[in-house]
Amino acid sequence: MNIEYSLIHKEKNTNARLGKLKTNYGTFDTPMFMPVGTKATVKSLTPEELYDAHSGIVLANTYHLWLRPGEDIIKKAGGLHQFMNYRGPILTDSGGFQVFSLAKNKEKDITEEGVHFKSHIDGKSLLLTPEKSIEIQNKLDSDIAMSFDECPPASASYDYLKNSIERTLRWAARGKKVHNNPHQALFGIIQGGAYEDLRKFSAIETVKMNFDGYSIGGVANDGESKDDMYKAIDYSTPYIPEDKVRYLMGVGEPIDIIEGVIRGVDIFDCVLPTRIARHGQAFTRCGKINFHNAKFKEDFTPLEDECDCYTCKNYTKSYIRHLITTDEMLGGRLLSIHNIRFLIKLTEELREAIKEDRILEYRENFLKNYKERHK
RNA sequence: GCGAUAUUGGUGAAGUGGUUAACACGCUGGUUUGUGGCACCAGUACGCAAGGGUUCGAUUCCCUUAUAUCGCC
């Protein structure tokens with residue numbers, strides 16, 4: 001077995017779904033937020049801290065682990081779970097997203113064969129192909145592998161996207177052909193920007209290949225508007241079979257998670273909670289707050305009264321601000337613990353709301369408190 | 001007591017007789033959506049020790065005072 005998705009309940013008023021995903025390394029409920037652990041670690045957190053946050057699954061990255069320490073070393077260690085001592089499900093991203101940002105000349109470097117680029121570590125010229133990405137992921141032995149796709153920028157033209165999704169489909173087929181880890185699931189990725197016909201085409205053709213789950217990609221890129229992101233989801237989900245899990249790649253912000261869930265998404269991942277934490281910011285029910293702000297200097301209350309995370313149960317805003325402004329390691333750690341728990345708790349609440357068919361009401365209440373600029 | 005040198009923002013400091021006083025740190029905001037890059041962006045001295053003078057114009061030249069450091073009695 002690799003994975004088993006079961007749909008438990010469909011919300012009455014929206015496309016939101018409650019489900020369960022079973023893997024060899026544990027079962028978790030969906031919708032779920034997946035913390036990002038690019039280099040086989042969710043930056044600064046121990047596995048125990050991830051369990052405490054009720055994290056169902058974490059993401060690691062093929063490109064980074066390929067370069068360092070190398071997939072063979074991880075295989076020797078007994079696979080990614082053993083290597084990083086994480087006893088829960090792990091998904092590996094294909095490396096496509098990273099490699100495209102490193103490819104200097106998009107037209108020349110992105111070929112039918114794969115993507116040519118220079119290592120960010122030593123400048124060595126490298127080629128990542130769909131086959132190579134899958135072979136690496138097979139060795140990493142994650143629970144879920146992702147197809148190697150092209151992740152075009154939001155600004156890409158219709159014609160570019162059309163060619164790109166066709167190539168991504170060919171790449172998906174090539175990857176699937178070499179995938180040979182029976183314990184590992186393989187997901188296909190739907191692209192197509194904010195164009196209805198492209199998303200539909202990409203979704204239908206990807207689903208034809210019969211993957212274990214499906215992702216919506218190419219979203220939340222370089223200044224894409226929220227409306228376009230929501231459209232990309234709306235245009236993709238109708239074509240994904242109900243009994244397959246759906247993963248929206250790279251999202252993110254609390255509001256986008258809620259909107260994604262309403263549109264039928266089951267899994268999200270995002271660097272935001274850990275990245276903004278390292279930059280001194282935290283998610284709260286009232287919106288993002290910045291611990292560099294002087295107003296927290298003498299604020300001896302918890303980050304959030306009602307939050308059940310380690311940070312909120314034990315530390316004051318004044319102390320966290322002190323750690324952040326003095327650049328102490330613990331500051332980023334404490335905020336990462338909170339931010340990850342915040343997003344996972346958000347998905348827990350969304351699951352409750354789905355169960356009771358009141359997800360629209362939940363969104364309304366959430367938005368009432370949450371102050372954030374709408375792009 | 002005498003002489004020399006210095007005195008620029010919260011800090012370290014650059015600088016010039018003439019439009020907006022460099023840069024860095026700090027500080028104050030902000031950004032961050034499948035994490036190469038704890039990063040990026042913006043703001044932050046109405047004043048150059050104080051008071052006089054020279055000059056069309058002085059932070060920049062001169063004088064006095066204050067303070068500091070170093071010498072000498």
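Here is how names work: the chains are called A, B, and so on, in the same order as the sequence lines, proteins then strands, and each is numbered from 1. The basis for the numbers below is simple: all heavy atoms, side chains too, and nothing from hydrogens, waters or symmetry mates.
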If we take the [atom1] atom in both [N] and [M], what is their distance in whole Å?
N	M	atom1	answer
G10(B)	A49(B)	P	13 Å
C61(B)	U55(B)	C1'	10 Å
A24(B)	A45(B)	P	15 Å
G47(B)	U60(B)	C1'	14 Å
U8(B)	U67(B)	C1'	16 Å
C73(B)	A14(B)	C1'	38 Å
G15(B)	A21(B)	C1'	7 Å
G51(B)	U19(B)	P	22 Å

Between atom [atom1] in [X] and atom [atom2] in [N], what is the gap in whole Å?
X	N	atom1	atom2	value
L126(A)	G36(B)	CG	P	15 Å
Q98(A)	G36(B)	CD	P	5 Å
R68(A)	G36(B)	CZ	P	13 Å
L59(A)	U35(B)	CG	P	6 Å
I276(A)	G30(B)	CD1	P	12 Å
M146(A)	U35(B)	CE	P	11 Å
L343(A)	U35(B)	CG	C1'	15 Å
M249(A)	U33(B)	CE	P	15 Å

Ring centre gap for [X] and [Y] strictly below 6.0 Å:
X	Y	value
Y51(A)	Y86(A)	yes
Y310(A)	Y315(A)	yes
F117(A)	Y63(A)	yes
F187(A)	F211(A)	no

What does [N] pair with, Watson-Crick or G-U, if both distances are under 3.5 Å?
N	value
U11(B)	A24(B)
G29(B)	C41(B)
G1(B)	C72(B)
C56(B)	G18(B)
A6(B)	U67(B)

Check: Would R285(A) count as a cation-pi partner of F366(A), with NZ or CZ less than 6.0 Å from the six-membered ring centre and within 45° of the ring normal?
Finding: no
How long is the straight-line distance from [atom2] of [Y] back to [atom1] of [X], given to the nearest 0.5 Å?
X	Y	atom1	atom2	answer
D228(A)	K231(A)	CG	NZ	5.0 Å
L18(A)	E352(A)	CG	CD	8.5 Å
R321(A)	N290(A)	CZ	CG	9.5 Å
L91(A)	Y247(A)	CG	OH	5.5 Å
C312(A)	K317(A)	SG	NZ	8.5 Å

Next item on the list: For the pair L65(A) and I136(A), evaluate side-chain contact (heavy atoms from CB on, under 4.5 Å) and give the outcome as yes or no after the intermediate values.
Entry: CA-CA 9 Å; L65(A) 297 175; I136(A) 296 166; 6.0 Å; no
Check: Reading nucleotides 24-29 of chain B 5' to 3', which nucleotides get B (base under 4.0 Å from a protein heavy atom), which S (sugar-phosphate only), which -?
Finding: ----SS
Next item on the list: Determine: side-chain N/O of N221(A) to OP1/OP2 of U33(B), distance under 4.0 Å, yes or no.
Entry: no
Item checked: Heavy-atom donor-acceptor pair, K226(A) side-chain to U33(B) base, under 3.5 Å -> yes
Sugar-phosphate only, base, or nothing, as touched by [X] at under 4.0 Å among non-hydrogen atoms:
X	result
D93(A)	base
G218(A)	base
E328(A)	nothing
S119(A)	nothing
L102(A)	base

Hey, what are the protein-to-nucleotides 37-39 of chain B N/O distances that come in under 3.5 Å?
residue: A39(B); atom: N7; partner: H279(A); partner atom: NE2; Å: 3.3
residue: A39(B); atom: N6; partner: H279(A); partner atom: ND1; Å: 3.4

Notebook entry, point to check: Which word best sums up how the rings of F100(A) and W171(A) line up, parallel for under 30°, tilted for 30 to 60°, or perpendicular for over 60°?
Noted result: parallel
